[in-house]
Amino acid sequence: GAVVSQHPSRVICKSGTSVKIECRSLDFQATTMFWYRQFPKKSLMLMATSNEGSKATYEQGVEKDKFLINHASLTLSTLTVTSAHPEDSSFYICSARDQLGQQGNQPQHFGDGTRLSIL
Amino acid sequence: EDQVTQSPEALRLQEGESSSLNCSYTVSGLRGLFWYRQDPGKGPEFLFTLYSAGEEKEKERLKATLTKKESFLHITAPKPEDSATYLCAVQAIETSGSRLTFGEGTQLTVNP
């Protein structure tokens with residue numbers, strides 16, 4: 001159980017392109033999903049918390065207009081990197097928690113990430 | 001501010017050579033401490049959640065323990081397939097939205 005699917009797994013595109021990444025919880029509903037960025041040999045940096053039916057909460061220093069997050073249903077959140085530039089190249093990972101109807105503190109389950117390369 | 005420090009950064013073991021990874025944390029009030037395994041090019045895979053000092057959890061060759069200041073991930077008789085980066089994360093009681101603070105991980109290599 002608790003499977004999170006992320007798509008696409010890899011994107012290579014030209015500078016100035018907007019890229020959309022999808023994160024789906026396959027066998028559970030998630031009122032909250034998280035978006036992380038990971039640099040090589042570094043840990044996960046939380047970018048934003050995606051809340052179903054409301055606006056995302058962004059971490060300090062993360063540009064809201066650059067990284068658009070939509071969480072329109074209990075199983076899908078999307079991250080759109082707008083007008084991407086080479087410095088946006090990174091490994092983006094989403095996670096979700098199966099908290100609805102669950103007892104205790106449920107862990108976050110992660111997707112397999114999206115490798116974004118901007119030329 | 002919550003802080004998580006993992007050591008060592010990298011660890012090389014021979015197959016069957018047991019060892020421990022350390023996760024030291026500073027948090028105002030701990031809601032939970034989480035261990036994840038991450039393979040190259042993949043997202044983290046959940047291993048354990050620990051809630052209070054003295055708690056222990058086991059899964060195959062892995063055993064996680066927790067004190068008020070740190071957690072250890074003990075690996076007994078590791079195999080090459082245990083090679084991965086192991087991440088530790090904490091969630092504070094007063095944290096809104098269940099956000100986690102991650103350490104930078106320990107890259108484990110187990111040689112056959």
Side-chain angles (χ1 to χ4, degrees), chain A residues 1-7 9-10 21 23 30-52 54-60 62 69 71 90-100 102-116, chain B residues 1-11 21 23 25 27 29-52 55 57 59 64 66 84-109:
Chain A
V3 176
V4 175
S5 174
Q6 190 171 339
H7 179 81
S9 59
R10 185 173 181 93
I21 303 169
C23 180
T31 55
T32 304
M33 292 185 175
F34 303 86
W35 288 95
Y36 295 84
R37 185 171 179 175
Q38 188 175 33
F39 293 100
K41 296 190 177 182
K42 291 292 183 182
S43 193
L44 282 75
M45 181 188 77
L46 180 65
M47 297 174 64
T49 301
S50 170
N51 303 297
E52 187 269 333
S54 64
K55 291 184 178 180
T57 304
Y58 290 81
E59 295 299 303
Q60 191 172 6
V62 178
I69 291 172
H71 192 159
S90 192
F91 192 52
Y92 293 88
I93 312 175
C94 72
S95 72
R97 296 175 72 226
D98 181 8
Q99 196 63 31
L100 290 180
Q102 296 286 333
Q103 297 289 332
N105 189 24
Q106 298 301 309
Q108 291 182 25
H109 294 278
F110 288 81
D112 271 344
T114 297
R115 174 74 58 192
L116 177 61
Chain B
E1 183 180 334
D2 304 334
Q3 288 191 330
V4 179
T5 303
Q6 291 187 245
S7 62
E9 289 186 14
L11 180 63
L21 313 181
C23 170
Y25 65 91
V27 64
L30 183 69
R31 181 185 293 273
L33 184 143
F34 302 83
W35 280 98
Y36 288 86
R37 168 192 170 131
Q38 186 176 24
D39 292 301
K42 298 289 186 180
E45 174 189 348
F46 170 70
L47 294 174
F48 304 108
T49 307
L50 300 168
Y51 296 103
S52 58
E55 188 175 1
K57 288 195 176 172
K59 179 181 179 181
L66 181 66
T85 296
Y86 290 86
L87 297 168
C88 170
V90 297
Q91 183 185 356
I93 289 175
E94 67 271 17
T95 298
S96 62
S98 309
R99 66 194 304 273
L100 298 178
T101 300
F102 279 87
E104 297 215 341
T106 293
Q107 185 175 353
L108 174 66
T109 303

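Letters go in sequence order (proteins before strands), and every chain restarts at 1.
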Rounded at 0.5 Å granularity, tell me how far NZ in A:Lys41 sits from CD in B:Glu9.
10.0 Å

Interface check, chain B: of A:Val4, A:Leu46, A:Leu44, most non-hydrogen pairs under 4.5 Å belong to A:Leu44

Inter-residue atom distance A:Gln6.CD - B:Lys42.NZ, 0.5 Å rounding
11.0 Å

Region of B:Tyr36 that comes under 4.5 Å of a non-hydrogen atom in chain A
side chain

Residue A:Ile93 versus chain B: region with a heavy atom under 4.5 Å
side chain

Taking all non-hydrogen atoms of both residues into account, name the closest pair between B:Leu87 and A:Ser43 and its distance.
CD2-OG, 4.2 Å

Set of side-chain contact (heavy atoms from CB on, under 4.5 Å) partners for A:Lys42, sequence neighbours left out
A:Phe39, B:Glu104

Under 4.5 Å from a heavy atom of chain B, the part of A:Glu59 involved
side chain

Less than 4.5 Å to any heavy atom of chain A: does that hold for the side chain of B:Phe102, its backbone, both, or neither?
both

Quick one: side-chain hydrogen bond (donor to acceptor under 3.5 Å, both in side chains) partners of B:Gln38, sequence neighbours excluded?
A:Gln38

